[in-house]
Amino acid sequence: MPHTPAPGHAPHNGCGCTHGHSHSHEHGHDSSHSHHHHDHARPRSIYIYSPSGAVQDRAAFRRGLRRLGQAGFDVTVDEAALARHTRFAGTHAQRLAAIERAADSGADLALISRGGYGLNHLLPDIDYPRLAAAIDRGTAFMGFSDFTALQLALWQRTGRITWAGASLGADWGAPEGVDEITQACFEDVALGVGEGTGWRIGKDCAAYQGLHIDAATLWGGNLCVLTSLVGTPWMPQIDGGILFLEDVAEPPYRIERMLMQLEQAGILQRQRAIVLGQFTDARVTAHDRGFNLASLTAALRQRLPIPVLTRLPFGHVRTKVCLPFGATVQLGVTEREAFIVWGHL
């Protein structure tokens with residue numbers, strides 16, 4: 001597969017993205033590369049919509065729109081992007097209509113304003129063929145957190161690839177500015193040139209040096225959302241895949257309980273590898289007595305006969321790579337780096 005990240009050359013900050021121009025993005029590049037511009041006949045178009053929770057931080061929403069424009073994107077905002085019904089971004093009917101408008105927009109990329117909670121309600125009524133047709137016409141759908149529910153259901157129903165990646169408010173609208181790697185990986189997806197990602201691994205992954213997995217389905221997302229779909233018609237039955245997981249504000253015992261559910265449902269054992277992203281604000285208490293993310297990961301490795309990698313730069317964090325949910329990928333591990341490569345999609 002072309003443009004595989006060079007073994008042993010992870011970006012110094014620990015992660016990056018690779019694309020068809022054969023260079024990786026990292027902090028420390030001069031500004032002409034960290035906010036790169038490709039030669040294209042027209043600006044790439046972004047459609048902003050709100051399928052989950054109501055937008056709470058309108059300042060971040062406005063900052064995100066401004067920065068997307070400054071980055072050269074042609075941005076359209078859905079008519080109900082700022083709608084509100086209790087905690088949701090509009091009624092269920094309003095949010096279904098917003099998803100359909102995103103599918104009909106013809107945009108290069110349909111981007112959620114934020115996650116939160118709410119897509120589970122909509123799964124029985126989403127027009128999946130309409131979304132599949134939009135993807136076939138070239139619209140990439142991107143998000144994370146609650147967006148995992150839509151990604152799982154859309155793959156289960158249509159087998160179409162979506163992108164686990166940035167959102168408008170949390171990433172483009174961050175007070176301190178969008179992270180350079182997050183922006184570079186996002187731009188690669190919008191331009192259709194992203195081909196892989198690599199990140200620095202820790203000593204806990206030393207046993208996996210030399211690992212190479214070929215032709216596996218990449219899938220996953222938010223652990224809590226994914227676990228909530230176990231036993232439903234929206235949960236994909238993926239064997240031999242590479243499952244990536246992240247979460248926020250879940251203490252270690254709750255993280256382990258969800259992992260245990262996936263294990264006892266037989267889902268983890270059917271994968272070829274588990275890749276753990278960032279579990280932000282996984283707070284321990286005195287009662288835990290040493291039970292933490294590291295110890296539950298070690299226990300998971302003892303129970304499962306497959307690799308469990310860590311430190312994937314994805315989740316509720318500033319530095320966020322983009323991952324093609326449902327794509328066939330390669331996973332490799334060198335002495336200091338892990339990489340996932342999908343080539344040109």
**Fill in**
Closest non-hydrogen atoms of L119 and R95, given as atom of the first, atom of the second and distance, are N-NH1, 4.1 Å
**Item:** Whether D125 side chain and L122 backbone form a donor-acceptor pair below 3.5 Å
**Value:** no
**Asked** Does a side-chain heavy-atom distance below 4.5 Å link W234 with N120?
**Response** no
**Message:** Donor-acceptor pair, distance only, cut-off 3.5 Å: does the side chain of D108 make one with the backbone of S45?
**Reply:** yes
**Prompt:** Counting N and O atoms only, with roles assigned by atom type, does the side chain of Q271 sit under 3.5 Å from a partner on the main chain of G241, one being a donor and the other an acceptor?
**Reply:** yes
**Request:** Provide the closest heavy-atom pair for V321 versus G16 in the form atom of the first, atom of the second, distance.
**Result:** CG1-O, 4.3 Å
**Prompt:** Would one find more than 12 heavy atoms of other residues, nucleotides or ligands at under 6.0 Å from atom CZ of R270?
**Reply:** yes
**Prompt:** Is V284 reachable from L293 through a run of hydrophobic residues whose side-chain heavy atoms are each under 4.5 Å from the next?
**Reply:** no
**Request:** Test side-chain contact (heavy atoms from CB on, under 4.5 Å) on R44 and L191 and set out the steps.
**Result:** CA-CA 7 Å; R44 300 278 109 170; L191 293 165; 3.4 Å; yes
**Separation of I161 CD1 from W155 CH2 (nearest 0.5 Å)** = 6.5 Å
**Request:** Identify the heavy atoms of E263 and L300 that sit nearest to each other, and give their distance.
**Result:** OE1-CD1, 4.1 Å
**Request:** Output yes when a side-chain donor or acceptor of W163 lies under 3.5 Å from a complementary backbone atom of F186, and no otherwise.
**Result:** no
**Item:** Derivation and outcome, side-chain contact (heavy atoms from CB on, under 4.5 Å), residues L226 and W219
**Value:** CA-CA 10 Å; L226 187 145; W219 70 295; 3.9 Å; yes
**Item:** Any donor-acceptor N/O pair, Q278 side chain to L312 backbone, under 3.5 Å
**Value:** yes
**Asked** Under 3.5 Å, is there a donor-acceptor pair between the side chain of S167 and the main chain of G143?
**Response** no
**Prompt:** Looking at H121 versus Y117, is the centre-to-centre ring distance below 6.0 Å?
**Reply:** yes
**Request:** Rounded to the nearest 0.5 Å, what's the gap from CG on L109 to CZ on F141? Could you check?
**Result:** 9.0 Å
**Item:** Validation row: L150, T162 side chains within 4.5 angstrom (heavy atoms)
**Value:** no
**Asked** Do D104 and R130 have side chains that get closer than 4.5 Å, going by heavy atoms?
**Response** yes
**Asked** Would a distance-only check, ignoring hydrogens and angles, find a side-chain to backbone donor-acceptor pair under 3.5 Å from T182 to K320?
**Response** yes
**By side chain to side chain donor-acceptor pair (under 3.5 Å) - contacts of D204 (at least two apart)** = R301, T310
**Message:** I'd like to know if D146 pairs up with R114 as an ion pair, taking the criterion as any Lys NZ or Arg NE/NH1/NH2 lying under 4.0 Å from an Asp or Glu carboxylate oxygen.
**Reply:** no
**CG on L65 to CD1 on I46, rounded to 0.5 Å** = 11.0 Å
**Prompt:** What do the steps show when you test H92 against F88 for ring-ring contact (aromatic ring centres under 6.0 Å, His included), and what is the final call?
**Reply:** CA-CA 8 Å; H92 299 341; F88 305 109; 5.8 Å; yes
**Reported CG-to-CD1 distance for the pair L259 and I267, which is rounded to 0.5 angstrom** = 11.0 Å
**Asked** Is there a donor-acceptor pair under 3.5 Å between the side chain of R84 and the backbone N or O of A54?
**Response** no
**Message:** Can you confirm whether H212 is buried at NE2, in the sense that more than 12 heavy atoms of other residues, nucleotides or ligands lie under 6.0 Å from that atom?
**Reply:** yes
**Message:** Is there a path of hydrophobic side-chain contacts, each under 4.5 Å between heavy atoms of I/L/V/M/F/W/Y residues, joining I255 to V317?
**Reply:** no
**Message:** I need the minimum non-hydrogen distance between G106 and T139, along with the two atoms involved.
**Reply:** C-OG1, 4.0 Å
**Message:** Give me the atom names and distance for the closest heavy-atom approach of H316 to S145.
**Reply:** NE2-OG, 3.1 Å
**Sub-4.5 Å side-chain heavy-atom contact between C322 and D188** = no
**Item:** Side-chain (R87) to main-chain (G118) donor-acceptor, under 3.5 angstrom
**Value:** no
**Request:** Check the pair F144 / D171 against side-chain contact (heavy atoms from CB on, under 4.5 Å), numbers first and verdict last.
**Result:** CA-CA 11 Å; F144 77 109; D171 297 294; 3.9 Å; yes
**Request:** Report the C-alpha separation of M260 and R257 in whole Å, then their side-chain angles, then the decisive distance to 0.1 Å, and conclude whether the side-chain contact (heavy atoms from CB on, under 4.5 Å) test is met.
**Result:** CA-CA 5 Å; M260 196 74 72; R257 184 165 59 196; 5.5 Å; no
**Message:** Nearest 0.5 Å, please: how far is CG in L304 from CG in L268?
**Reply:** 5.5 Å
**Prompt:** Which value, rounded to the nearest 0.5 Å, describes the distance between L168 atom CG and R62 atom CZ?
**Reply:** 11.5 Å
**Message:** Within the structure provided, determine whether I201 and V333 are in side-chain contact (heavy-atom separation under 4.5 Å).
**Reply:** yes
**Asked** Is the backbone N or O of D127 less than 3.5 Å from a side-chain atom of R157, with the two atoms forming a donor-acceptor pair by type?
**Response** no
**Request:** Mind checking side chain to side chain donor-acceptor pair (under 3.5 Å) for R160 and listing every partner two or more places apart, or none if nothing turns up?
**Result:** D136
**Prompt:** Looking at side-chain heavy atoms only, is the closest gap between Q156 and Y128 below 4.5 Å?
**Reply:** no
**Item:** Non-hydrogen side-chain atoms of T280 and E246 separated by less than 4.5 Å
**Value:** no
**Asked** In the single-linkage hydrophobic clustering (I, L, V, M, F, W, Y; side-chain heavy atoms under 4.5 Å), do V248 and F244 co-cluster?
**Response** no
**Message:** Tell me the closest heavy-atom pair linking C224 and E250, and the distance in Å.
**Reply:** SG-OE2, 4.1 Å
**Message:** For I274, run the side chain to side chain contact (heavy atoms under 4.5 Å, CB included) check against L309, V308, T297 and tell me which one passes.
**Reply:** V308
**Message:** Do F147 and V225 make a side-chain contact, defined as non-hydrogen atoms from C-beta onward lying under 4.5 Å apart?
**Reply:** no
**Message:** I'd like to know whether CZ of R58 has more than 12 heavy-atom contacts from other residues, nucleotides or ligands below 6.0 angstrom.
**Reply:** no
